[in-house]
Amino acid sequence: MGRGRVQLKRIENKINRQVTFSKRRSGLLKKAHEISVLCDAEVALIVFSTKGKLFEYATDSCMERILERYERYSYAERQLGGAEIESQGCWSLEHAKLKARIEVLQRNQRHYMGEDLDNLSLRELQNLEHQLDTALKHIRSRKNQLMFESIAELQKKDKALQEQNNVLAKKVKEKEKEQAQQPQWEQQNRHDLNSSSLVRSQPINSLSISETYHRGGDNEAEGTQSSQTNAVMHPWMLRQMN
């Protein structure tokens, strides 16, 4: 007996519906891949599950290019209509274009975060890996540049601090030298003061000596004369005078 015709309607059983979705989705993606390879056609397939999960297929992973081509084609067809239709189509096209771009960006973001990778082919995973490697190289390059700039700035500050430290150390040595020389200066000043006081006291002593000399001047003069006379006279003359 031949296979009977299956009536298309919503499957009520949740588990059966999910199993059927997985099988039909895989078959649909496979058929899209086959037609793109066999017929050299550009195919873009977008499927959203009941939970809002995205499943897609694009020839050579060029979903954006295919969508832009579709938008241009749709826009060209709408231009053939009336002015009113054209105006409405323009806004609809712009809305669809922005919506499609947002969906593509969200999908790429999920892929970069390592999510929703089950439906990607080997070539798509390789392209994603290459993009991540390139991004990591740029990030590391920028990080190294910032680190080198930070090190150079720290070295410059260290050099300035060392120069300032050398200047302060020089000032401290000069201050210590001045403090070491200060007691010697004080001792020299005291010695000079003592010497000056002695010099000032000498005229007073000389005056007292001169006064003493004048008071006993007569006696000393007589003694001097007698000593001089005795020194001139011979000893035998002195004996006769006595």
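Numbers here simply count residues along the sequence, with the first being 1.
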What is the minimum heavy-atom distance between Val43 and Thr59, and which atoms define it?
-> N-OG1, 2.8 Å
Would you say Asn144's side chain and Arg140's backbone share a donor-acceptor pair under 3.5 angstrom?
-> yes
Would Met63 and Leu54 show up in the same hydrophobic cluster when neighbours are defined by side-chain heavy atoms closer than 4.5 Å?
-> yes
Is the backbone of Lys137 close enough, under 3.5 Å, to the side chain of Ser141 for a donor and an acceptor to pair up by distance?
-> no
Residues, nucleotides or ligands: over 12 heavy atoms within 6.0 Å of Glu103 CD | yes
Distance, nearest 0.5 Å, that separates CG of Leu168 from NZ of Lys173 | 12.5 Å
Apply side chain to side chain contact (heavy atoms under 4.5 Å, CB included) to the pair Leu128 and Tyr112, showing each step before the final yes or no.
-> CA-CA 8 Å; Leu128 181 61; Tyr112 292 145; 3.4 Å; yes
Salt bridge (Lys or Arg N to Asp or Glu O under 4.0 Å) filter on Arg17, not counting sequence neighbours, yields none
Do the side chains of Arg10 and Glu12 get nearer than 4.5 Å, heavy atoms only?
-> yes
Cluster question for you: counting only ILVMFWY and a side-chain heavy-atom cut-off of under 4.5 Å, with indirect links fine, are Leu67 and Val47 together?
-> no
Would Arg25 and Lys30 satisfy side chain to side chain contact (heavy atoms under 4.5 Å, CB included), going step by step from the backbone distance to the final call?
-> CA-CA 8 Å; Arg25 181 200 65 202; Lys30 183 178 179 181; over 6 Å; no
Run the numbers on Asn108 and Val104 for side chain to side chain contact (heavy atoms under 4.5 Å, CB included), then give the verdict.
-> CA-CA 6 Å; Asn108 291 335; Val104 170; 3.6 Å; yes
Distance (rounded to the nearest 0.5 Å) between Glu71 CD and Leu98 CG = 8.5 Å
Atom CD in Glu115, atom CD in Gln109: separation rounded to 0.5 Å?
-> 8.5 Å
How long is the span from the CG atom in Leu154 to the NZ atom in Lys157, to the nearest 0.5 Å?
-> 6.5 Å
Charged N to carboxylate O under 4.0 angstrom, Glu42 versus Arg69?
-> yes
So, Asp158 and Gln162: side-chain donor and acceptor under 3.5 Å apart, yes or no?
-> yes
Kindly check if the number of other-residue, nucleotide or ligand heavy atoms within 6.0 Å of NE2 (His33) is above 12?
-> no
Answer yes or no: does atom CZ of Arg110 have more than 12 heavy-atom neighbours from other residues, nucleotides or ligands under 6.0 Å?
-> yes
Do Ser121 and Tyr57 meet the criterion of a side-chain donor-acceptor pair at a distance under 3.5 Å?
-> no
Between Ile46 and Leu29, is there a shared hydrophobic cluster once you connect ILVMFWY residues whose side-chain heavy atoms come closer than 4.5 Å?
-> no
More than 12 heavy atoms of other groups within 6.0 Å of Gln164 CD = no
In one Ile/Leu/Val/Met/Phe/Trp/Tyr side-chain cluster, 4.5 Å: Leu125, Leu132 | yes
Does Glu176 reach the side chain of Lys171, with side-chain heavy atoms less than 4.5 Å apart?
-> no
Between the CD1 atom in Ile11 and the CD atom in Gln18, the distance rounded to the nearest 0.5 Å is 10.5 Å
Ser150 side chain to Leu146 main-chain N or O, any donor-acceptor pair under 3.5 Å?
-> no
CG of Leu117: more than 12 outside heavy atoms within 6.0 angstrom?
-> yes
